[in-house]
Amino acid sequence: MLEKAYDPKPVEAARLAAWDAARLSHCEPRDGARPYAIVIPPPNVTGALHVGHALNNTLQDAFIRHQRLTGAQTCWVPGCDHGGIATQNVMEKQLKAEKADRHALGRDAFLERMQQWTRDCKKTILGQLHRLGCSLDWEREAFTMDEPRAKAVFHAFKTLWDRGLIYRGERLVNWCVRCGTALSDIEAEREERKGALYHIHYRCEDGSEGVVVATTRPITMFGDTAVAVNPKDARWKRMVGKKVLIPFIDRAIPVIEDSYVEFEFGTGALKITPAHDQNDWELGLRHKLPAIKAIGPDGKLTEAAGPYAGLSREKAQDQVVADLEARGFLRKKEDHKSAVQTCYRCNSVIEPLLSLQWFVQQTELAKAPLKALDAGEFKIYPKNWEKPYRDWLVNIKDWCVSRQIWWGHRIPVWYKDGQKPLVSRESPGAGWTQDPDVLDTWFSSALWPLAVFGWPEKTKDLAAFYPTATLVTGYEILYLWVARMQMMGLAFEGKVPFADAVIHGIVRDKSGKKMSKSLGNVIDPLLMMDKHGTDALRFALMAQAHPGKDIAFDEQSVVGARNFVNKLWNSTRFVLMNLPPPAAAVSYRLEKLPRGRLELADQWILSRYQAALAKARTSLDAYDPAAAAEALYVFLWDEFCAWYIELAKARLLGIDGEEKENARTILVSVLVGSLKALHPIMPFVTEEIYAAVKGYAGESAEFLLQGGYQDAGCDWSNPEAEKEMSRVMAAVTSIRSLRSQLNVPPGLKIKAVAEGPFAPAVIGRHRAYAMSLAQLESVEPVNGGRPPQSATAVAEGVTFFIPLAGVIDFAKERERLAKDLAKAEGDIVKCAAKLRNLSAAASAPVETVAQAQEQHDAALARRDRLKETIAVLS
RNA sequence: GCCCAGUUGGCGCAGUGGUAGCGCGUUCCCUUGACAUGGGAAAGGUCACAGGUUCAAAUCCUGUACUGGGCACCA
């Protein structure tokens with residue numbers, strides 16, 4: 001016998017142990033079954049998982065389990081990402097807390113510590129994924145920096161090099177002063193900040209007035225190599241060709257013309273600093289201007305800044321502005337908002353810096369992904385991300401892949417005086433030194449779907465599971481990761497790495513704010529699992545995972561899901577209580593039911609059951625778990641438990657016979673089929689229940705995943721039964737409502753009489769339903785008119801009179817009925833308007849007209865009954 | 001500046017042409033042999049605004065406002 005309340009902890013532990021022991025989620029490629037593979041977005045080894053990871057991985061697990069239940073051979077590959085800058089930052093913080101730093105430690109010792117950290121962190125993360133119930137193939141664990149992946153990285157680099165798609169060059173790159181490394185364009189985020197626009201006077205070399213330039217960053221003037229004005233700008237025409245002097249250092253720079261310069265902005269004169277601004281860099285190229293670095297990689301001003309050399313950016317800014325003002329160079333200072341670029345890892349302001357870096361040429365590589373998108377070989381769900389994705393590929397710029405950090409794949413290029421650089425994994429010999437930089441962490445991530453299957457080797461796994469089916473990730477890494485995987489996969493294997501990308505939202509706090517440690521609003525998924533159970537957390541997330549939308553996460557939703565889990569548990573308890581002992585039990589299977597002899601509730605629930613399962617399946621096929629969760633929740637709670645179980649009670653308590661057996665068959669079958677449908681979302685409780693009931697269902701699979709979805713055997717769809725049942729329910733509800741409003745004690749059985757076209761059904765074949773669900777002592781036809789001292793309940797096709805001598809308050813009853821009447825009148829107006837509309841239109845569908853007519857007539861009938869009753873009461 | 005989403009009861013969200021739904025919360029009643037992690041009944045919304053298309057609009061179109069996001073930026 002099951003416990004009264006579901007206790008997730010012991011169940012989860014036991015189920016995980018059993019799944020592991022059976023290697024349930026391990027897969028070897030085999031012939032015959034359709035492959036369905038997913039590679040996990042490898043979490044960075046930066047710490048523990050957060051609730052966003054819980055969402056991401058529950059989605060994947062739901063899809064994997066769903067596909068497996070449909071008969072696919074599924075493969076879900078686990079792993080972690082070394083996480084480059086992000087992880088190195090974590091370690092640097094640790095070192096700082098120990099009053100140490102990586103330079104003091106040295107590269108080798110630092111890397112050793114990183115390895116140790118990585119081992120611990122991987123264990124934590126994979127343990128958490130395991131706890132979440134993820135049916136990952138634990139025997140395939142991969143890491144972006146392990147040996148097989150290192151081989152893949154080298155092979156990719158070498159291949160791109162050989163194809164001429166990798167080059168080294170001095171370019172203006174996004175430089176994070178704090179992280180001490182270059183970043184790619186997408187790793188620099190833009191942020192609007194308040195600042196000032198400074199108007200600075202540059203004297204003319206010949207002693208004349210000179211020009212006034214406007215800039216937000218006065219300190220870059222030490223790197224100026226020209227001042228540009230618009231050729232059509234009469235104001236500055238006189239200055240063109242002359243030379244002006246940079247304040248404080250008096251370096252002379254030419255005044256040139258370029259139509260890029262806007263008249264309206266600032267003074268119309270633009271100082272040009274090719275080494276510190278992207279636009280200036282391009283202007284510099286156009287006019288063959290030299291590039292002078294005024295700010296170094298450490299964020300401090302260089303010798304070019306003369307007296308300011310050695311000051312930090314921030315200090316120098318204040319000092320230079322003060323001095324400009326003191327010396328009369330500052331002509332004007334106005335408030336100005338400008339977009340600054342910040343580092344996506346540490347949020348500090350990025351400095352455009354001229355430096356020697358490695359780049360991957362992108363235009364060529366972007367062609368195949370665009371073609372794949374156009375051809376429909378690659379789809380993004382939801383579709384609205386396809387346009388930004390396409391735009392990014394179309395406007396793509398070369399990818400800076402070198403990072404001046406230590407944690408990562410070292411660039412496999414070796415240098416020796418007088419020799420061409422050599423691409424090699426191993427040292428080519430004495431005298432050669434390896435490039436000190438490492439590759440962007442996204443370089444190895446881009447190879448992930450290939451590398452986890454052993455690429456570049458032509459492995460069986462690669463043949464079986466590449467291309468993979470689905471990639472599940474957040475929109476924040478659509479370009480950073482998704483697009484790059486497409487480029488690499490197509491470049492190396494000629495096939496998309498995954499056919500579908502499912503883009504989900506981010507999990508926010510309950511008021512919709514982004515979770516962050518500093519706000520203190522982060523939700524720990526482990527805590528949620530501890531408090532409410534893993535299935536509850538998973539269900540809560542899935543029920544809100546509408547395609548592409550963010551989730552406002554409230555712990556209450558987990559409590560609600562926990563309640564649903566418990567409801568499922570208890571409905572099972574009820575079913576088991578009403579079955580014969582296992583030894584005596586036959587197997588209850590839908591195909592054994594006598595189709596022609598089922599009663600209304602049976603026909604109804606089977607029809608609803610079939611619809612719910614179909615909805616759940618198609619929703620999961622369409623990557624819409626919220627719709628699947630909703631369909632199953634409503635079916636199980638509001639239909640199966642609230643109505644069917646209640647209706648079946650009478651039969652189960654009654655005499656043995658076909659009717660009781662039918663009820664048992666349906667209870668067991670519908671329960672088992674629903675468990676299977678629910679299993680992708682809540683694997684633990686469904687597995688536990690399945691173990692308890694599968695014997696009755698004639699199933700022998702050890703685990704739910706091994707059995708596949710239930711085959712209903714035939715089409716149970718039955719619109720007539722659904723309609724009839726909904727009328728019964730409405731009749732029952734009308735009596736319940738009356739009882740409640742007249743304060744009839746719930747336990748008190750009452751007598752009722754009924755009239756109307758649907759009354760024979762209520763009194764006759766559905767008599768037992770009405771009796772038990774509405775707590776009636778009896779229900780009889782009206783004989784000789786309305787009973788005196790009775791209350792009235794008007795439902796569609798049937799009116800009940802409940803004699804309540806002494807109990808009934810006539811004023812209250814009139815009030816109640818008046819309300820119903822008003823509702824009926826309102827309905828009539830609406831229905832009549834609709835009917836008029838429809839009759840005026842030639843194109844109106846016949847069924848719509850018939851339905852509207854029916855609704856109209858029903859409302860009319862209801863109104864008439866209510867009017868009569870009110871008249872009698874007055 | 002351009003583009004894309006969103007705007008529905010107190011809160012969070014479904015709902016792509018035919019009388020507005022769900023969860024949580026709220027009110028009243030109920031410890032009746034599955035479940036108080038429960039049951040029953042109820043209150044609560046002119047579906048952001050303005051036009052338009054249609055017999056019929058929360059739903060389709062146009063515009064506006066606000067919110068969020070993406071992209072690109074005039075230093």
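In what follows, every chain begins at residue 1, and chains take the letters A, B, ... in the order their sequences are listed.
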Q) Applying the side chain to side chain contact (heavy atoms under 4.5 Å, CB included) test to Tyr198(A), which of Lys333(A), Met221(A), Lys332(A) qualifies? A) Lys333(A)

(Q) Let's test your reading of the pairing rules: Watson-Crick or G-U wobble, both distances under 3.5 Å, then write RNA chain B as a dot-bracket string with ( ), [ ], | and dots. (A) ((((((((.[[[[.)..(..]]]].(((((.......))))).....[[[[[..)....]]]]])))))))....

Q: May I ask you to evaluate whether His336(A) reaches the phosphate of C74(B), defined as a side-chain N or O under 4.0 Å from OP1 or OP2?
A: no

**Q.** N/O donor-acceptor pair under 3.5 Å between Trp643(A) side chain and Ile605(A) backbone
**A.** no

Q: May I ask you to say whether Arg217(A) pairs ionically with Asp277(A), meaning some side-chain N is under 4.0 Å from a carboxylate O?
A: no

Q) What nucleic acid atoms does His276(A) come within less than 4.0 Å of, heavy atoms only: base, sugar-phosphate, or nothing? A) nothing

Q: For Gln341(A) and C71(B), give me the distance from atom CD to atom P, rounded to whole Å.
A: 11 Å

Q) Is the closest side-chain heavy-atom distance between Val320(A) and Phe222(A) below 4.5 Å? A) yes

Q. Closer than 4.0 Å, any side-chain N/O of Lys387(A) to the OP1 or OP2 of A5(B)?
A. no

Q | Presence of Asn563(A) side-chain N/O under 4.0 Å of G38(B) phosphate oxygens OP1/OP2 | A | yes

(Q) Nearest to the side chain of Ser740(A), heavy atoms from C-beta on, is which of G69(B), G40(B), C4(B)? (A) G40(B)

Q: Sticking with atom C1', work out how far C2(B) lies from U19(B), rounded to a whole angstrom.
A: 42 Å

Q. Could you give the CG-to-P distance, from Asp258(A) to A75(B), as a whole number of Å?
A. 16 Å

Q | C22(B) versus G15(B) - spacing of their C1' atoms, nearest Å | A | 10 Å

Q: For Lys549(A), answer base if it contacts any base atom (sugar-phosphate contacts may also be present), sugar-phosphate if it contacts only those atoms, and nothing otherwise; contact means non-hydrogen atoms under 4.0 Å.
A: sugar-phosphate

(Q) Heavy atoms only, 4.0 Å cut-off, all strands: where does Glu646(A) land among base, sugar-phosphate and nothing? (A) base

Q: For Arg816(A) and Leu742(A), indicate whether the former's side chain and the latter's backbone hold a donor-acceptor pair under 3.5 Å.
A: no

Q.
What's the gap between C24(B) and C66(B) when it is taken at their P atoms, as a whole Å value?
A. 36 Å

Q) Can you tell me how far P in G45(B) sits from the matching atom in C60(B), rounded to whole Å? A) 25 Å

Q: Assess the pair His336(A) and Phe265(A): is the distance between their ring centroids shorter than 6.0 Å?
A: yes

Q) Is His546(A) touching bases, backbone alone, or none of the nucleic acid, heavy atoms closer than 4.0 Å? A) sugar-phosphate

Q. Base, sugar-phosphate, or nothing for Thr572(A), non-hydrogen atoms under 4.0 angstrom?
A. nothing

